[in-house]
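Quick notes on the structure that follows.
Remember, it's a predicted structure, so these values are computed and weren't measured experimentally.
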Amino acid sequence: MALDLLHLAGSVTAVAGVALLRLAWARPRRSLPLNAIGWILLAAAMVAGWVMAGAWGVSVITLWAMGAAFVLLAVAAWQSPPARRKASRRRAGMLPEAGEPLQLGQRVATFLIVVLAAMLASLAIAIAVRWLSLLTGASEANANVLALFVVPLAWTILAFLILMTGSRKRQLAIVAISVATVLPALASGSLS
């Protein structure tokens with residue numbers, strides 16, 4: 001019974017926090033008190049979720065907050081007036097203009113660096129994280145889960161860094177430094 005009340009209170013508090021933030025951000029000048037109260041309500045909702053059921057409770061309360069945000073933003077988008085002017089037709093330089101070279105070699109190289117090299121580098125980082133976590137006393141299961149968590153996160157960060165770097169040397173340096181993180185684990189021979 002108490003957990004049900006805590007769930008209800010946390011859910012209502014999360015929705016109220018999101019609604020208050022939307023109200024604060026919809027004003028011509030953002031209201032600092034409304035902003036603060038909205039964030040405090042969201043923090044209180046997360047605490048209620050944690051007390052209710054730990055990480056699972058926080059997840060459930062977060063779903064309520066995200067659902068409320070989705071509804072409020074969908075209503076705002078539906079009610080917003082149409083644009084006064086047409087969208088720009090300016091190109092972002094993804095494809096060359098007529099008569100310009102396609103630069104297929106550079107495009108394929110960038111693709112291979114971002115997809116294959118960054119993936120291998122993220123695996124190297126994950127192996128290094130697993131090795132470090134085992135060294136610090138984590139159980140093997142926790143170390144494996146941590147490594148599985150690191151792979152997509154590292155790959156995303158590496159892909160972003162590589163794509164935002166204009167120099168091919170810097171791109172390869174990012175990959176090389178990331179791959180080098182696995183060297184201590186390989187040197188110790190404790191990858192099993």
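What you find for A126 and V150 is that their closest heavy atoms are CA-CG1, 3.9 Å. Residues I61 and A14 come closest through the heavy atom pair CG2-CB, 3.8 Å. Residue A118 comes nearest to V114 through the heavy atom pair CB-O, 3.0 Å, listed as atom of the first residue, atom of the second, then distance. Pairing each heavy atom of H7 with each of M52, the nearest pair is CB-SD, 3.1 Å. For the pair A45 and G10, the tightest heavy-atom approach, listed with the atom from each and the gap, is CB-O, 3.3 Å.
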Show your reasoning for whether side chain to side chain contact (heavy atoms under 4.5 Å, CB included) applies to I125 and L158.
CA-CA 11 Å; I125 292 171; L158 286 174; 4.1 Å; yes
For the pair L34 and L21, evaluate side chain to side chain contact (heavy atoms under 4.5 Å, CB included) and give the outcome as yes or no after the intermediate values.
CA-CA 7 Å; L34 287 178; L21 284 174; over 6 Å; no
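Looking at heavy atoms from C-beta onward, I127 lies out of side-chain contact with L186 at the 4.5 angstrom threshold.
A donor-acceptor contact shorter than 3.5 Å links the side chain of Q171 to the backbone of T165. Remark: side-chain polar atoms of S167 are paired, donor with acceptor, to backbone N or O of K169 under 3.5 angstrom.
Note on I113: it clusters hydrophobically with V179, by side-chain heavy-atom contacts below 4.5 Å among ILVMFWY residues. Tracing side-chain contacts under 4.5 Å through hydrophobic residues (I, L, V, M, F, W, Y), one reaches L146 starting from L153; they form part of the same cluster. A continuous path of Ile, Leu, Val, Met, Phe, Trp and Tyr side chains, each step under 4.5 Å between heavy atoms, connects V108 with V115, placing both in one hydrophobic cluster. No continuous path of ILVMFWY side-chain contacts below 4.5 Å connects V60 to V71, so the two sit in separate hydrophobic clusters. In the hydrophobic clustering of ILVMFWY residues, with side-chain heavy atoms under 4.5 Å counting as a link, V129 and V175 come out together.
Rounded to the nearest 0.5 Å, atoms OG (S31) and CG (L20) are 8.5 Å apart. In this structure, CH2 in W25 is found 11.0 Å from CG in L72, a value given to the nearest 0.5 Å. Rounding to the nearest 0.5 Å gives a distance of 9.5 Å between CE of M46 and OG1 of T13. Atoms CD1 and CZ, on I174 and R170 in that order, are 8.5 Å from each other to the nearest 0.5 Å. Distance CG/L135 to OG/S188: 7.0 Å, rounded to 0.5 Å. The distance from the CG atom of L8 to the CH2 atom of W64 is 8.5 Å, given to the nearest 0.5 Å.
In summary, the side chains of R130 and N144 do present a donor paired with an acceptor at a separation below 3.5 Å, with no hydrogens or angles considered. Counting only N and O atoms by type, the side chains of W155 and S122 include no donor and acceptor under 3.5 Å apart.
With respect to V18, the side chain to side chain contact (heavy atoms under 4.5 Å, CB included) criterion is satisfied by exactly one of L41, L73, L42: L42.
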